[in-house]
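Here the structure is laid out as structure tokens; the discussion comes afterwards.
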Number of protein chains: 2
Amino acid sequence: MTRRGYRQYCATARTLDLVGERWTLLIVRELLTGPKRFKDLGDNLPGIGTGLLAERLKHLEAAGIAHRTRLPPPAGTPVYELTGAGRELEPAVLALARWGRRWAMGDRDEQDAFHPGWAVLGMQAAFDPAAAAGFAATYEFRVGDTTFHARVAGGAVESRMGPAQHPDAVLEADEETFAGLANGRLRMRDAVRDGRARAHGDRAALTKLRSLFPAVVTESRQ
Amino acid sequence: MTRRGYRQYCATARTLDLVGERWTLLIVRELLTGPKRFKDLGDNLPGIGTGLLAERLKHLEAAGIAHRTRLPPPAGTPVYELTGAGRELEPAVLALARWGRRWAMGDRDEQDAFHPGWAVLGMQAAFDPAAAAGFAATYEFRVGDTTFHARVAGGAVESRMGPAQHPDAVLEADEETFAGLANGRLRMRDAVRDGRARAHGDRAALTKLRSLFPAVVTESRQ
DNA sequence: CGGCATCCATTTTGATACTG
DNA sequence: CAGTATCAAAATGGATGCCG
């Protein structure tokens with residue numbers, strides 16, 4: 001009856017006691033890009049099953065990582081949203097993503113699902129603060145009918161779903177191409193040159209884009 | 001038969017496919033402080049059972065994260081050791097530890113195990129690069145009959161089990177005290193003032209120590 | 001010690017049907 | 001849509017025995 005735990009007085013183990021079970025960190029990943037409805041969470045986590053999803057959400061609430069609330073009127077739809085503690089899991093999730101970009105991203109399998117929301121985090125994981133020093137710009141990304149944007153400033157990046165207010169540049173690509181970009185298999189410049197991605201807007205911002213979110217693929221010359 | 005996976009083309013999910021199962025990241029944590037024997041791994045992971053530990057180690061080998069080798073002669077004991085890919089999991093493990101120090105470290109429960117090796121990572125998670133800028137020193141820590149050290153230089157820290165070559169300062173404390181320091185529940189200065197920890201060595205290095213590894217506990221003044 | 005094999009009691013999970 | 005209820009299929013924990 002009592003939840004299974006590692007029973008170790010260790011910060012890593014305690015964290016895993018709270019978010020280390022199957023699906024939990026992926027739910028956090030979903031919520032990192034904004035509040036979501038029960039159904040949307042389920043749709044982005046194929047295979048989880050409503051029962052387990054409900055259980056995990058209850059647990060995250062009990063742990064103070066997420067909470068159930070309602071979107072402001074007139075929508076009023078019930079959604080789940082991260083708390084402050086939950087948002088602070090972002091560095092850990094990004095660290096895992098960074099490792100995955102480097103070591104776990106073979107080609108995409110037919111079976112593998114892909115949702116543009118994941119690309120948002122993929123881009124954040126790819127972000128190179130050094131390249132962003134002393135630079136500021138806002139980018140908008142369009143993938144099929146999904147849009148998100150990234151605001152670069154002060155050597156940091158902030159990404160969100162939805163369109164940007166005044167984007168300096170816009171990048172447009174199909175899902176497959178974007179998956180490659182976000183997961184480090186494809187270089188921005190190659191995608192644009194091949195016409196798989198279309199870019200427009202401020203020329204300096206577009207040039208900078210390539211170094212802000214470097215791909216992982218071997219530094220093939222040229 | 002086929003391993004269970006999330007089947008998502010997402011860097012976070014792929015990483016969790018490889019290291020997200022129960023015990024796996026704790027095995028990585030153990031190996032981050034150096035190669036270990038099968039038995040020592042088991043001893044530091046109470047409850048895992050030899051079968052599951054063997055299965056996890058095989059999986060980590062297959063994934064290229066760890067490998068089985070032998071200590072150089074004359075010891076020759078078989079040990080498990082991280083590969084390059086495995087060592088690169090350190091940022092992710094430390095990020096989880098950092099979150100845990102902040103949000104998951106209630107008091108230690110009677111039931112909770114504690115091993116000094118965990119403190120090594122706890123200290124690394126606590127490390128504040130900003131405070132270390134332009135500073136260099138080597139510290140040795142003694143907990144019961146266990147010794148480890150941290151070398152601070154170039155705004156970074158490197159910790160290892162075992163004594164330091166030429167420590168600038170030495171900190172000595174019992175296990176309970178050290179657990180509190182590593183997990184952020186106890187401030188260095190308080191532990192020293194109370195006599196729960198004994199420090200000696202270079203005075204400047206000792207003073208700096210307090211800011212290099214700040215505690216998490218509320219900034220209660222004085 | 002290093003590890004695999006086996007048996008068994010519990011937990012977790014996955015899939016689906018069902019209710020407000 | 002949100003979430004509960006239910007049941008079968010894994011995964012895990014613990015004990016124990018074995019063999020190099």
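Everything numeric in this text was worked out from a predicted model, so none of it was measured. Proteins come first, then strands; the chains are lettered A, B, ... in the order of their sequence lines, and each starts at number 1.
- Comparing D:dA2, C:dT13, C:dG2 by their closest approach to the side chain of B:Phe38 singles out C:dG2.
- Between B:Ile48 atom CD1 and C:dG2 atom P there is a gap of 15 Å when expressed in whole angstrom units.
- OP1 or OP2 of D:dG13 has not a single side-chain nitrogen or oxygen of A:Tyr6 nearer than 4.0 Å.
- Here the C1' atom of nucleotide D:dG3 and the CZ atom of A:Arg70 are 13 Å apart, to the nearest Å.
- The nucleotide whose nearest atom lies closest to any side-chain atom of A:Arg22 is, among C:dA5, C:dT13, D:dT12, C:dT13.
- Not a single donor-acceptor contact under 3.5 angstrom links the side-chain atoms of B:Thr77 to the base of C:dC1.
- Residue B:Leu52 contributes atom CG, which lies 15 Å from atom C1' of C:dT10 at whole-angstrom precision.
- In this structure, B:Gly51 and B:Arg56 both approach DNA chain D, and ranking their closest nucleotides by distance from the 5' end singles out B:Arg56.
- Distance, A:Glu55 CD to C:dA15 C1': 17 Å, rounded to whole Å.
- Of the candidate nucleotides C:dC4, C:dG2, D:dT4, C:dC4 has the atom lying nearest to any side-chain atom of B:Thr50.
- Close to D:dT4, at under 4.0 Å from its OP1 or OP2, lies a side-chain N or O of A:Lys58.
- Taking atom CG of A:Leu41 as the reference point, atom P of D:dG3 lies 10 Å away to the nearest angstrom.
- Contact annotation for B:Gly49: no contact, since no heavy-atom pair falls under 4.0 Å across all strands.
- Rounded to whole Å, atom C1' of C:dG14 lies 13 Å from atom CG of A:Leu53.
- Proximity of B:Arg4 to the phosphate of C:dG14: a side-chain N or O atom is located under 4.0 Å from OP1 or OP2.
- We find that A:Glu176 and A:Arg196 are not joined by a salt bridge, their nearest charged nitrogen and carboxylate oxygen being 4.0 Å or further apart.
- Rounded to an integer number of Å, the gap from CG of A:Leu57 to P of D:dA2 is 11 Å.
- Taking side-chain N and O atoms only, A:Lys39 has no distance below 4.0 Å to OP1 or OP2 of D:dA2.
- With A:Tyr6 as the aromatic partner, B:Arg22 meets the cation-pi criteria of under 6.0 angstrom to the ring centre and within 45 degrees of the ring axis.
- One atom, CG of B:Asp40, and another, P of C:dC1, lie 9 Å apart when rounded to the nearest Å.
- The side chain of B:Trp23 contributes an N or O atom lying less than 4.0 Å from OP1 or OP2 of D:dG13.
- Between B:Arg68 and C:dG2 there is no side-chain polar atom (N or O) within less than 4.0 angstrom of OP1 or OP2.
- Remark: side-chain polar atoms of A:Thr83 are paired, donor with acceptor, to backbone N or O of A:Ile65 under 3.5 angstrom.
- Not a single donor-acceptor pair under 3.5 Å links the side chain of A:Thr24 to the backbone N or O of A:Gly20.
- Counting heavy atoms from C-beta outward, A:Gln8 and B:Leu45 have side chains that approach closer than 4.5 Å.
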